Participant: 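First the structure, then my questions, so here it is.
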Amino acid sequence: MIEAVRATKKFGRKTVLRNLSMTAEKGQITCLIGINGAGKSTLLKAIMGLTPLSGGQIRIDGAPIGKAVYEKVAFVPDTLPMPPSMTVADSLQFMGDYYSNWNAKRASDLLVFFRLNVSDRISSLSKGNAAKLNLLHGLSLDTDYVLMDEPFSGIDLFSREQIASVFTSDLIEGRGVILTTHEIGEIEHLIDKAVLLDQGEVRREFMCEEMRMAEGKSVIDVMREVYRA
Amino acid sequence: MNRYLKLVVMELHRFWKIYAALMLLTFLSQFGGLFLTLRSYLTEVKGRMYAESLYDYAAYAEKHGPESFYTMTSRMEPWFTAPVLLCIAALLFYVFMIWYRDWFGKNPFVYRMLMLPTSRMNLYWAKLTAIMVFVLGLVGWQLVLFPLHMALYRSMLPAELAVTQSVESFIHHHSVFQTLIPQTFTEFVLYYGAGLMTVTVLFTSVLIERSYRFKGIAGGLVYAAASLFAMLAPQLVNDGIGFELYPWETFLLLVVIGAVLLALSLGISRYLLIRKITV
Amino acid sequence: MKRKRYWASGLLAAFIILSIGIYYIQAASSHLPQFRLAALEGNEAEAEGLVLSAYYNHDALGEQAEITASGTRYESERPFLDRVGDLEGWMGSVQPIGRLTLQYPRFMRGRAFAEYLDDEAWVIRAELEPEYGVDLLKPSYRFRIDMLDKKTGKSRSFRADLPESKFDSKSIIDLQRFGTTIKAAVQYEVIGMDGRRRESEIRIYDIDLNEEKITGSAKVDFGTSAGDGREIRIFRVFEYHWTKPSDSLALEVSVMDVSDLESKDGTSGGIANQNATAVRQPVMAEHRLVIYHYGTGEVKQTSLPLSLPDASQNLFRTGPVVLWTRSDGQALDLKGYRASDAALAFEKKLTARVLGAESIGQTAIGPDRLYLALTASGTPEVAAVDPADGHLAFRGAVTIDGVDENEKKRLLSSIGVSSISVRS
Amino acid sequence: MNDSGESSTSVPAFNNRDPVYLQVVRHFKVDIATGKLKAGQTIPSRRELAARMNINPNTAQKAYKEMEDQGLIVTEGNAPSKVTSDERVLGAVKDELVAESVAAFVASVRGIGLPSEDLLRIVKRAYEAVMSGDKEGQP
């Protein structure tokens, strides 16, 4: 389980995360929903240790974050963090060199599935292809958890469908996924749990199916309540 | 360990194009400049021999004296030392760029670097090693070029006008090279040890800035200034309050201060990299 | 990682180690020629401690070197730690202070340059400290005395005010101890703007170590005084062991006749007036050796030969003997005077030919020898004269072993000796 | 993970408000009732279903468990699940669906206040029209 306990983060005077606590279970797909600036990306970066918290703590399977995080949790940021001069093949070679839990077989399968050309340079990739390569890097690591920052935003429909199909594939099975989005739209059925963020605080944290069972509300309905009120 | 080596190889590879350019530029500027200078000197000599009706080089040498390799290089300034200074400036600039380049661009490579499943200090050691390799590589390159230049000098100049000088003697008397390539290996280790310490201080300043963005810049500058002051302290003590330090005491003090600064810089960098750095 | 990159990095690393390694190994293993000072006449032991500061100019760049009986030490070949720890080198040519600093680093720290007395019980240091009162230009001076007890290692300091005097320049030129009284010889001078010494005077002060104050003073009267058109210059005669106890103080007093300079062009002539068309040197009217005996206060003196324009003259003292030398490069006139009564002990003329040399160069004084730098057929040589009677006690020449004749000649011709010193 | 072609079960459009896993169960019941799924026929695995219906694998898992609880499907060991061949259960499915649809129909028609005879006549005519349509065109 990935746990944020009263996580607080300030950038100068602006408080981005305000005593935020939430959990994401292994084997479930948890979705952080909130408008831009709600602190979604910051929380993911905090979980990955890419930015320090001003207060509170992140625990992964009970242990505070440390170097071991990176073999347990894969992170797919909103942009592809690879030097532009590298080719797709180089990037795979790079991941293979540094990650002992790199699954080369799965990487090459994904290359085929995502129809990526190994000799393309990172700088020449379309936004969709870059997002897919980015996802490939994350998913090809045998990790318990995968964090994805806005995996669907701003890319073509076809790529978006391909990425969505990943969520229902064996790639995700058994793994804990946290993804962020600011418009839930067509992926409502893909997620197990929704966490609604606003100004760095958790407004609502609920299991989608239980919400449907108990209150017959879709995630979007809850969002309307939370963000309109 | 091998992750550290892989990172070093990567850091070296990322800069090799500029590095090769620096080496080539140094060669062309020095070797080419020397060739042109030698040629114009020879025409000058022939002209004078004709004007003063001196029949052979020996007579000329008798009258005007030979021209040593050392004076030939000073004739061709700035083409001899300018490339060296350019290389130093480039490497000094790269001490900062080796970090900042990871933060640039729409896909900041630093995300991936900070997520590598290895101690972040490996990133630090790899970049430090890369800088030192670049510096020592250029020193080695210059040491290889000297005999080459001297060979050109001996081949183009008639024996009567030439003065044989050793590379070591040339370096020992040259204002720029005597500091870059000191007399004894002990000093070489001390000089470049101080250089290493300076790089760690600069790295620490960069990391302070990268960790505390707003006040980070000030923090970084203050740290660098404090380190510089610490290194100058023994000299200030000597000139200032008259408590005179004997040479070996000053030397010892400098070594101790340098070691402390090195340890401090590494400690702070470690803390910042693991705890405070932010993307 | 691509194999190619690994290899390239490995090659770069190897290149660095090789290029720098080979340079330093080659630099460390290549040695400049090992000249040494060999004895030609007199016994080998005389060359012990003798150091020739020389310049070996073989490649238009040249190397600083020190040639001794055992070999040559080149500045560019000295290991770093040797240079850092070299206190005597650091103190420059002021040998005794270098040795004192080595022996008593704490006592000598910070204020090395002063007048010293190094006797069997104490090391005493005397300085004149300016005290800036109202008139910054006219500070009042006082003695600062530091004493180090050699047995206990403890040191104490005190100050004693110097009486006012019209002389603006004051310096301590000798320090002796008699029981619990220190005698400090102070030289007063009035130096004009043009750097010429108008008046000069020596006073001896008695300072009581227990009461820590001046208990008496006396002017050294040698019967001559500055006056119209006459200037007095006083110098202490240089001694090798100037910090050792001595019962007398040897002074060189020269009276310069500047009458024609001042009256003619109204301005004062002399070295300082650069723009004068013909710079006329003041003429030496009198030249005396004055011996002041601390015990009795007696002054013994004798007249010395006048200096000639084209000859360099020097005065040295070695304990009981004061040597006067004058050399024009070809011949050396030598006179020995007894320090006790300033009487002439011997007189000698050493010509270059007699010494088998082409020219006689710089002279230097050692603990008990007068050294002459000679050049014979292009080879630097050293002659040592016994100060007691002026006889030639030793003659040595710079040589080099293990090379054939003309190579030796070529090497020796590229050596230039700049100074002789003795490092005991 | 395969991008398989046409699936034996059509991809329904799920609404967001009802629990998705119950909608899946209902979808299966309709297929059983309409004969699309024969007794004893194997049904796709949980992951295949999730992929085809673009739903969360856990939801698919829950749906299968629900169907097993209701005895609609049978799973031995980790072999693929099969539709039950228990006629009683299959019959009950039909009845339940019809009852459910009728209840929904009655609730929505009640407001108009039509006498039952008229209502039955209309329903009969509409039903027969649809059934005859079925025979000619192959839906």
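Proteins get letters first, then strands, A, B, ... in listed order; numbering begins at 1 in each. Quantities reported herein were computed from a predicted structural model and do not represent experimental measurements.
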Participant: Could you tell me which of Pro52(A), Ala74(A), Ala68(A) has the largest number of non-hydrogen atom pairs under 4.5 Å with chain B?
Facilitator: Pro52(A)
Participant: So which part of Ser85(A) gets closer than 4.5 Å to some heavy atom of chain B, the side chain, the backbone, both or neither?
Facilitator: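 Contact with chain B: none, neither part.
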Participant: What part of Leu116(B) lies closer than 4.5 angstrom to a heavy atom of chain A: side chain, backbone, both or neither?
Facilitator: both
Participant: What pairs with Lys276(B) under side-chain contact (heavy atoms from CB on, under 4.5 Å), at least two apart in sequence or on another chain?
Facilitator: Ser211(B), Tyr212(B), Tyr271(B), Leu272(B)
Participant: Under 6.0 Å from the six-membered ring centre of Trp99(B) and within 45° of its axis: does the NZ or CZ of Arg210(B) meet both?
Facilitator: no
Participant: Think Lys9(A) forms a cation-pi with Phe11(A), using NZ or CZ under 6.0 Å from the six-ring centre and within 45 degrees of its axis?
Facilitator: yes
Participant: Can you tell me which portion of Arg275(B) sits under 4.5 Å from chain A's heavy atoms? Options are side chain, backbone, both or neither.
Facilitator: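 Just its backbone gets close to chain A.
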Participant: Any side-chain heavy atom of Cys87(B) sitting closer than 4.5 Å to one from Met23(B)?
Facilitator: no
Participant: Is it true that a side-chain atom of Tyr70(A) and a backbone atom of Met48(A) form a donor plus acceptor pair closer than 3.5 Å?
Facilitator: yes
Participant: Is chain A contacted by the side chain of Arg101(B), its backbone, both, or neither, given a heavy-atom distance below 4.5 Å?
Facilitator: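 The answer is neither part of Arg101(B).
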Participant: Is Ser119(B) close to chain A through its backbone or its side chain, or both, or neither, when contacts mean heavy atoms under 4.5 Å?
Facilitator: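 Both backbone and side chain of Ser119(B) come within 4.5 Å of chain A.
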